[in-house]
Amino acid sequence: MSDSLKAVIEALIYASPDPLTVKQIAKLLDGEPQDAIEAALAALKQDYERPGGLQLVEIAGGFRIVTRPELHEWVRKLFHEQTKQKLSVAALETLAVIAYKQPITAPEIAEIRGVNTAGVLGTLIERRLVKIVGRKPVVGRPFMYATTREFLDRFGLKDLNDLPKVEDMAEVLGFEAPSGLAEAGPAESALPFVDETVH
Amino acid sequence: MSDSLKAVIEALIYASPDPLTVKQIAKLLDGEPQDAIEAALAALKQDYERPGGLQLVEIAGGFRIVTRPELHEWVRKLFHEQTKQKLSVAALETLAVIAYKQPITAPEIAEIRGVNTAGVLGTLIERRLVKIVGRKPVVGRPFMYATTREFLDRFGLKDLNDLPKVEDMAEVLGFEAPSGLAEAGPAESALPFVDETVH
Amino acid sequence: MMQEEFESVLEAYPVKLDNFEGPLDLLLHLIKKNEVNVYDIPIVLITKQYLDYIELMRELNLDVAGEFLVMAATLIHVKSRMLLPRPDPAQEDPQEDPREALVRRLIEHQRYKAAAELLHERETVRAAQWMRPDAVVTEIAGEAPEPEIEVDLFSLMSAFRAVLERARHRPKVPLPSEQIPIETRIEQLLSRLSETEACGFDDLFADVNGRSGLIVTFLALLEMIRLKLVRVFQSGAFGPIRVYRRARPVDAPRPILDPESA
């Protein structure tokens, strides 16, 4: 029983969003005598004396399982790496704008998105989803961006004409296409959306 | 060194929001030889074989430290509301078809299930269990669907080979395959099922 | 339908009426209910019960989905083929059974239902495995990275839709924030003039597209005139306007610092 009691307490401490006090544990294991709980806790503490990545700490009168402080640099590195690697919402939106409106300049993207996109563009270029295809012959001669071959591969597209249109999606999935976007004026180009934002 | 390497890996797995793959670990511990990492991982796995509240599981191609499922009833008491939304039977069955037949188009799913599945597909996509992976090069160029990493995580699957095998359905149903239907087996044996009903 | 018949139907299908996902589900139910072999479906009986069920749904004013009617037609077709004597038994494949295709579909359907159940079991186990709370890690490493978006075509399109939706609701500003500053525009125009000494008024706008570019260029020109960097001449009342670069006099006004760049 002591072994399984210890296991239950370990699981509880591990999963709890807040440090668990002995009192709270006793309440969760209602009926379990206080001294049995304390004995199991003591044994658990001893277990966590072993070398390892995790430790059992007492914080604010409660218990918590966390990584050992000397390993915190690794944890930070992990978060840093993962943050770097991830395609954030901003990146995805920028990619979408480029995909549907290419070739397009950074100021034009910013105008559509309503925010500056300089950093995100760098990420997309680094990940080879987007490339520079020239300069636009306007004031400042800004770079024009377009999607890459790799972009097509990643999204399983044969070519850009394969990009889904809103009506496609609405039909396939039973979603409602937003009225402003669906009322098509496709005469202008192959673009899947009516362009109301940029002039 | 091996001990501390194991500790670092344990801390990393603990901290990572998503299942941590061997590749990610190797990248973070850049410079550490691959076999040292694998040895440390093997030792860590062994550690978690001990009786206790936690276990090390392989999910969606990576590792996770989680509480043992048999302690669920206790751990659940920590949380008030049901955290995960349930999937409907229709959603589960559609998901099963996609999981075993991916990539697959909506018309193909409808054919197998005998019903239109547009709405359900939308739900599965919104819940990020299913994604569009391209278009099928046939008339109408329908979208092709496949399961996501999120799907593997939710169902505790290591990878797609880890999908449960459906065997002996005839037995389950109490059906007996007559010899008359011998050649009637599904032509495309892409089915991961052990096909014992039709021989 | 007669009253007693109706009741017998109800008794035969003591399931919730809208329980069936589709025609295949209903068929499987009838097969199990009658305890018959799926490989040897008594087609007359099953077809009758199937049609009864659909009629019942109609009587209760339930929507009968098109798929159910398609299956009804299939069943009737199979039944008629079963009942009709074959014109020449030698001609047709003796193995061929009109029910065959249907049986295959039923079995496949049943398998996926079973697979779904097995998946659900896995899901239940997985849901019983709890992760560490985020808080303990964010204390160490700060805010967790956003979970990686597994990008597919749908998310790409949704993202674009979201951007356009936002853009529609954004109040229009007369000059977009992304426009180039007047100072920069002055520099550009001066460097152009240094190549040619003079140019036509229209030429100043040659590389401009969009309203904001026009405005910036015009403001730049006014500022250049004020700073005595250029002279502007017009030949005649309706003649072309030309812009000339000039050496900046000592007494020329100093540029006013742009409050935003200060």
Side-chain angles (χ1 to χ4, degrees), chain B residues 14-15 17-18 55 57 59 64-72 75-76 84 87 89-90 92-93 95-97 99-100 112-116 125 128 131-134 143 148-150 153-157 163-164 166 169-170 172-173 175-178 180-184 186 191 193 197-198, chain C residues 21-25 27-28 31-32 35 37-40 65-67 70-71 95 97 100-101 103-105 107-132 134 136-137 140-141 144-145 147-157:
Chain B
Y14 171 90
D18 297 318
Q55 61 177 6
V57 288
I59 287 177
R64 259 200 167 150
I65 297 167
V66 292
T67 61
R68 289 191 189 276
E70 58 267 32
L71 305 175
H72 175 56
V75 179
R76 209 181 49 163
K84 267 196 184 147
L87 290 171
V89 174
L92 257 174
E93 288 183 12
L95 195 54
V97 173
Y100 287 98
I112 290 177
R113 298 206 57 234
V115 282
N116 185 310
I125 287 180
R128 300 197 169 284
K131 64 182 171 183
I132 294 171
V133 291
F143 293 117
T148 61
R149 205 194 38 199
E150 183 80 22
D153 198 354
R154 180 178 180 122
F155 289 86
L157 302 170
L163 279 172
V166 180
M169 276 323 301
V172 173
L173 281 173
F175 294 157
E176 251 174 65
L181 283 165
E183 304 90 55
L191 281 175
F193 306 128
T197 51
V198 191
Chain C
E21 286 281 329
L24 292 173
D25 265 355
L27 269 183
L28 275 175
I31 287 165
K32 279 186 214 169
E35 295 182 343
N37 188 334
V38 73
Y39 291 102
D40 190 18
E67 295 109 6
V70 172
M71 179 58 76
Q95 299 277 32
D97 186 321
E100 194 179 301
V103 170
R104 226 179 300 144
R105 284 188 70 192
I107 297 217
E108 191 178 28
H109 181 67
Q110 178 59 43
R111 282 183 177 167
Y112 283 112
K113 286 179 79 70
E117 256 168 55
L118 291 178
L119 275 176
H120 182 61
E121 280 168 25
R122 300 289 294 257
E123 184 186 26
T124 309
V125 172
R126 176 66 187 93
Q129 299 171 324
W130 295 80
M131 276 263 290
R132 49 120 187 104
D134 286 339
V136 291
V137 182
I140 298 163
E148 171 141 43
I149 305 168
E150 217 169 329
V151 276
D152 68 340
L153 280 176
F154 179 77
S155 47
L156 191 70
M157 199 216 60

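First the proteins, then the strands, lettered A, B, ... as listed; each starts at 1.
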Side chain from CB out, backbone as N, CA, C, O: work out which of these in [X] comes under 4.5 Å of a heavy atom of chain C, or both, or neither.
| X | result |
| --- | --- |
| B:Ile59 | side chain |
| B:Val133 | neither |
| B:Glu70 | neither |

Practice item. Could you tell me whether C:Glu100 and C:Arg104 make a salt bridge, using a distance below 4.0 angstrom between a side-chain N and a carboxylate O? Key: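 Looking at C:Arg104 together with C:Glu100, the answer is yes, because their closest N to O distance falls below 4.0 Å.
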
Review point. Quick one: what part of C:Leu24 sits under 4.5 Å from any heavy atom of chain B, side chain, backbone, both or neither?
Key: side chain

**Study point:** Set of residues satisfying salt bridge (Lys or Arg N to Asp or Glu O under 4.0 Å) with respect to C:Arg105, sequence neighbours excluded
**Key:** none

Exercise for review: Could you list the residues that satisfy salt bridge (Lys or Arg N to Asp or Glu O under 4.0 Å) with B:Arg113, not counting sequence neighbours?
Suggested key: B:Glu93, C:Glu21

Check your understanding: Can you find a heavy atom in the side chain of B:Val57 that is under 4.5 Å from one in the side chain of C:Arg126?
Key ->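 Of all side-chain heavy-atom pairs linking C:Arg126 with B:Val57, none is under 4.5 Å.
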
